[in-house]
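Since we're looking at a predicted model, the values are computed, not measured. A, B, ... follow the sequence lines: proteins, then strands. Residue 1 opens every chain.
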Protein chains: 2
Amino acid sequence: MSTPAEDDLLLERQLCFALTVASRSVVGIYKPVLERMGLTHPQYLVMLALWERSPRSLKDISDALLHEPATLSPILRRLEEAGLLTRERVPGNERALAVTLTDAGAALREQATAVPGTIMERLGLSREEVADLHAAMTGLIAATQRPAPVHAAQPG
Amino acid sequence: MSTPAEDDLLLERQLCFALTVASRSVVGIYKPVLERMGLTHPQYLVMLALWERSPRSLKDISDALLHEPATLSPILRRLEEAGLLTRERVPGNERALAVTLTDAGAALREQATAVPGTIMERLGLSREEVADLHAAMTGLIAATQRPAPVHAAQPG
DNA sequence: CACTAATTATTAGTACACTAACAATTAGTG
DNA sequence: CACTAATTGTTAGTGTACTAATAATTAGTG
């Protein structure tokens, strides 16, 4: 007998709740797999970016991963300590940081090729189901990046 | 000309990447809205659980939110400091913690009733689209909780 | 009833993730 | 060329989020 607005506050109905649980749960599935490679999940995403192109600047990686530079700084430091990459200043632009894969970092890609298949099998999802979920997430991300409706303007 | 297994490592194709970005992005949409209530997003989820039933034990909240008790302990401490709830031992079971809404905590629900609508409008999503996304996330969570295939047994 | 096992919270330690403040460098402009 | 603005990273501070270790209490068993 509660009003619709009150029903909207049920925990089990919150998209944000389902989303954060799904995110943590899926990352949790990766954990034992990535542990064998000595990587955390955020570190794995950085390595994926570098396996596509190296060297890259921190800013470039930050844009690719949609992460704050302040978040990536310590992650890159740990990956450097693990011997997977080097951090030097870009010649000709001393502001930018040149993040470069080491031989060990590049070689780790071999082991990584097995990861997506392992996860898909662990989740019991087909390639198509994964693609559908990916598309749904991409659409949701796009929704967050659209400008807010005018009559719901930001404070200030 | 790369092999399929190598294409699988493209950052833009990773469900885990889309999922973590979507989670962070959506939580980021909540942030300015919840800030007016003095809540972070994890704190908001705890309040949702308590608005459904109070008092509840930490263990009970932990099960509802699929969170480790060790994660909730400091969150509950901050909510107590904010005057929204109390933490006492359950009479008759001194192990359990009785988490109870204060009058201020219960009253905050009024403001919260506007939150889901505000978010839906900000995201430009219909009730149905939200429901579809919610169902997709619920399915994904279920996939992570299914037992692993036998031939991909856990180490040990 | 004593002993062991299970339950429940907390604390310590590590690793994100964010904002704000800062520092260093480079670009743009008169 | 000097001055201002923009770009790029790092550090500090706050708040999760996890595992492991610990502590306190309760339940179960002979």
What's [X] touching, base or sugar-phosphate or nothing? Going by heavy atoms closer than 4.0 Å.
X	value
A:H41	nothing
A:L72	nothing
B:P69	base
B:S62	nothing
B:R78	base
A:T71	base
A:R77	nothing

Which nucleotide in the set [options] lies at the smallest distance from any side-chain heavy atom of [X]?
X	options	result
B:R89	C:dT8, D:dT11, C:dA9	C:dA9
B:T40	D:dT16, D:dC18, C:dC18	D:dT16
A:L97	D:dC18, C:dT10, D:dG9	D:dG9
B:A70	D:dA12, C:dC16, D:dT19	D:dT19

Can you see if the side chain of [X] gets near the phosphate of [N] - specifically, an N or O under 4.0 Å from OP1 or OP2?
X	N	result
B:S73	C:dT10	yes
B:R95	D:dA27	no
A:R24	D:dA17	no

Quiz prompt | Pairing of A:E94 and A:R89 as salt bridge, 4.0 angstrom limit | solution =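 A:R89 and A:E94: not salt-bridged.
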Quiz item: Is the shortest distance from a Lys or Arg side-chain nitrogen in A:D8 or B:R127 to a carboxylate oxygen in the other one below 4.0 Å?
Solution: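 A salt bridge links A:D8 with B:R127.
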Between atom [atom1] in [X] and atom [atom2] in [N], what is the gap in whole Å?
X	N	atom1	atom2	value
A:I61	D:dT8	CD1	C1'	13 Å
B:L58	D:dA24	CG	P	18 Å
B:I75	D:dT14	CD1	P	17 Å
A:L34	C:dA15	CG	P	15 Å
B:E94	C:dT10	CD	P	13 Å
B:D63	C:dT8	CG	C1'	11 Å
A:K31	C:dC16	NZ	P	11 Å
B:E88	C:dT8	CD	P	19 Å

So [Y] and [X], do their side chains get closer than 4.5 Å, heavy atoms only?
X	Y	result
B:S57	B:L97	no
B:H134	A:Q14	no
A:K59	A:P69	no

Pair assignment for [N], Watson-Crick or G-U wobble, requiring both distances under 3.5 Å:
N	answer
D:dT26	C:dA5
D:dG9	C:dC22
D:dT19	C:dA12

Quiz item: With nearest nucleotides of DNA chain C determined for A:H67 and A:G92 from heavy-atom distances, which residue corresponds to the more 5′ nucleotide?
Solution: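 With A:H67 and A:G92 compared, the 5'-side residue is A:H67.
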Quiz item: Which comes earlier along DNA chain D counting from the 5' end, the contact point of B:N93 or that of A:L76, where each point is its nearest nucleotide?
Solution: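 Here A:L76 is the residue nearer the 5' end.
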Practice problem: Answer yes or no: is there a donor N or O on one side and an acceptor on the other, between the side chain of A:S62 and the main chain of A:H67, under 3.5 Å? | Solution: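 Checking the backbone N and O of A:H67 against the side chain of A:S62, a donor-acceptor pair under 3.5 Å is found.
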Exercise. Kindly say whether B:I75 contributes a backbone atom to a donor-acceptor pair with the side chain of B:Q43 at under 3.5 angstrom?
Key: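 No, B:Q43 side chain to B:I75 backbone: no donor-acceptor pair under 3.5 Å.
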